[in-house]
Amino acid sequence: MFPANKIADDRSVTVVLGTGGTIAGRSARADDHVGYVSGEIALADLVANVPGLQGLQLEVEQVAQIDSKDMDLRVWQALVQRLVHHLARPEVGSVVITHGTDTLEETAFLLHSLLPSDKPVVLTCAMRPASALMADGPQNLLDAVTLARHPGAKGAMAVCAGQAFAALDVCKVHSYRLDAFDGGEAGALALIENGQVRQLHPWPVMHAPNHDAGHDLRQRFLSAAALPSVTLLTSHADADGLIVQALLASAGDRSMQGLVVAGTGNGTVHRTLAAALAAAQEQGVRVVRTTRCARGQVLAQSGHALPEISALSPVKARLALAMELLSA
Ligand code: ASP
C-alpha cells in the first residue's frame, strides 16, 4: 500500500497540503506580527509567491484553512485521509504540510504514529503572517520542499527557521521568535542552509508498522466520531484534586477515559492530586505521568502507583494515550 521511496529526482511529485496557520495569515498592517488572522491566504497563492518553487513537480491541495489552536479530529482525519491517498501514489516522492505553529508538534506526532511511510512528510509553518514586512513563511516553505525532495530523506519532520526536527522531538519553545521550535535533547535532525541540506542525525522512522495493526489503528482513527477523552493536568505547588473529582463526577457522552499528569521533576505529583488520580485509576481511568520539565525524561521508579510515559512531552503523551485507548 505504501511503496518505498525512490531516490527523489526532479520528476517525483511533492504534494503540498495546506491547513492554514500564520503562514497563511494576514494582518491589516505589515508591521503587526500579532494582530492578524490565521488561515486567510490560499495555499496556491503562498506557493506561487516563492520563486524557488517554480518549475518543480508540485501538487497543491487545500485540506483546511484554520488557526491551528483550533485543530480538531475532523481536520486531522481529513489530513490523514489525504496523506494515505497521496503516499500510496508511486509518482509521489514526498509531502509537505503547511500548518500553524501552535499545535504543529501534536499533528507531527500524530502523523508519526499513524503513517507507515518511508517517504518524507514535512510540516512547516511561520511565526509572522504572510502580510508581514519580512515574512518567514516563504523561506520556511522553500526549506521544507528542499528537505522533502532531498535524496534519502524520510519520516515525519518539521522545518522552521532553517532547522529540521523529528516529529517525536519537535516542540514549540518560543511564543514570538522566528526560531520558535527545538528538538529538546535530540536537537535538530538537519539544517537547511541556502538550499543545501546538512544532515546531522539519521532520518526518523515512522512509528506505525506497515501491517494489520497499524492499518487497523488508522482505520479506527479515520472512522472515530471522537477520540477517547484524555485530559491533561499539571502538578504544581498547592495543587488539589478538584478537577479530577469534577471530571469523575461529570457524566456525559464522552466520559473521561484517560488522564495525563505533567508532573514536577521526575514525574512527581503533589500528594493531594496524586490521591485524586489514584481514585480515578481505581474507577478504571487510565492515568499516566510525564514531566512538565522541558528537558529530560521520567525515569521509572519501582512500585509507583501511577505508570509513566517516559520520553514524551505532555501534549504528545496525551495523544499517545488516546491512540492506545483507541486501539484497545
Ligand atoms: N495561532 C497560529 C496557528 O497556530 C499561530 C501560528 O501559526 O504561528 O495557526
With a 3.5 Å distance limit and no angle check, can you tell me whether [X] reaches the backbone of [Y] through a side-chain donor-acceptor pair?
| X | Y | value |
| --- | --- | --- |
| D32 | G35 | yes |
| R128 | G25 | no |
| D118 | G155 | no |
| R318 | L232 | no |
| Q77 | F221 | yes |
| T107 | L104 | no |
| S94 | P120 | no |
| R149 | V13 | no |
| N140 | C125 | yes |
| Q54 | V50 | yes |

Please check if atom [atom1] in [X] has more than 12 non-hydrogen atoms from other residues, nucleotides or ligands closer than 6.0 Å.
| X | atom1 | result |
| --- | --- | --- |
| R198 | CZ | no |
| N194 | CG | no |
| I243 | CD1 | no |

Mind checking side-chain contact (heavy atoms from CB on, under 4.5 Å) for [X] and listing every partner two or more places apart, or none if nothing turns up?
| X | answer |
| --- | --- |
| A274 | V269 |
| E106 | W76, T103, V315, L319 |
| T234 | A262, R292 |

Heavy-atom pair with the smallest gap, counting every atom of [X] and [Y]:
| X | Y | answer |
| --- | --- | --- |
| D240 | L273 | O-CD1, 3.6 Å |
| P228 | L326 | CG-N, 3.7 Å |
| A156 | P204 | O-CG, 3.7 Å |
| S12 | Q57 | O-CB, 3.3 Å |
| A276 | G241 | CB-CA, 3.6 Å |
| L259 | A280 | CD1-CB, 4.0 Å |

Group every Ile, Leu, Val, Met, Phe, Trp and Tyr by side-chain heavy-atom contacts under 4.5 Å, then state whether [X] and [Y] land in the same group.
| X | Y | result |
| --- | --- | --- |
| L147 | L200 | no |
| V230 | L227 | yes |
| V260 | L242 | no |
| V170 | L191 | no |
| F165 | L178 | no |

Point to revise | Derivation and outcome, side chain to side chain contact (heavy atoms under 4.5 Å, CB included), residues L247 and T231 | key: CA-CA 9 Å; L247 286 168; T231 298; 3.9 Å; yes
Side-chain heavy atoms of [X] within contact of [Y], under 4.5 Å:
| X | Y | answer |
| --- | --- | --- |
| T14 | V96 | yes |
| L222 | Q81 | yes |
| L168 | L312 | yes |
| M157 | L189 | yes |
| M71 | I66 | yes |
| K154 | P202 | no |
| Q65 | T19 | no |
| T124 | H99 | no |

Practice item. Under the side chain to side chain donor-acceptor pair (under 3.5 Å) rule, what do R89 and H86 come out as? Steps first, then yes or no, please. Key: CA-CA 5 Å; R89 295 169 54 202; H86 288 301; 3.0 Å; yes
[atom2] on [Y] to [atom1] on [X], rounded to 0.5 Å:
| X | Y | atom1 | atom2 | result |
| --- | --- | --- | --- | --- |
| N266 | C293 | CG | SG | 8.5 Å |
| L277 | S235 | CG | OG | 8.5 Å |
| E324 | Q257 | CD | CD | 11.5 Å |
| D169 | H201 | CG | NE2 | 9.0 Å |
| M323 | L325 | CE | CG | 9.5 Å |
| R289 | L233 | CZ | CG | 14.0 Å |

Check your understanding: Should T22 and Y36 be marked as a side chain to side chain donor-acceptor pair (under 3.5 Å) after you check the CA-CA gap, both sets of side-chain angles, and the distance that decides it?
Key -> CA-CA 8 Å; T22 298; Y36 59 87; 2.5 Å; yes
Review point. Do K316 and E105 meet the salt-bridge criterion of a basic N to acidic O distance under 4.0 Å?
Key: no
Exercise for review: For the pair D72 and R74, find out whether any cationic side-chain nitrogen is under 4.0 Å from an anionic carboxylate oxygen.
Suggested key: no
I need the single residue from [options] that forms a side-chain contact (heavy atoms from CB on, under 4.5 Å) with [X]. Which is it?
| X | options | value |
| --- | --- | --- |
| M127 | K172, R177, H174, H33 | K172 |
| L141 | V159, N49, T98 | T98 |
| R82 | L17, L87, I97 | L17 |

Exercise for review: May I have the step-by-step check of side chain to side chain contact (heavy atoms under 4.5 Å, CB included) for I309 and V298, ending in yes or no?
Suggested key: CA-CA 7 Å; I309 287 193; V298 179; over 6 Å; no
Practice item. Apply side chain to side chain contact (heavy atoms under 4.5 Å, CB included) to the pair I41 and R26, showing each step before the final yes or no. Key: CA-CA 7 Å; I41 299 174; R26 189 172 10 224; 4.0 Å; yes
Practice item. Could you walk me through whether V95 and K119 pass the side chain to side chain contact (heavy atoms under 4.5 Å, CB included) test, one step at a time? Key: CA-CA 8 Å; V95 178; K119 299 177 182 180; over 6 Å; no
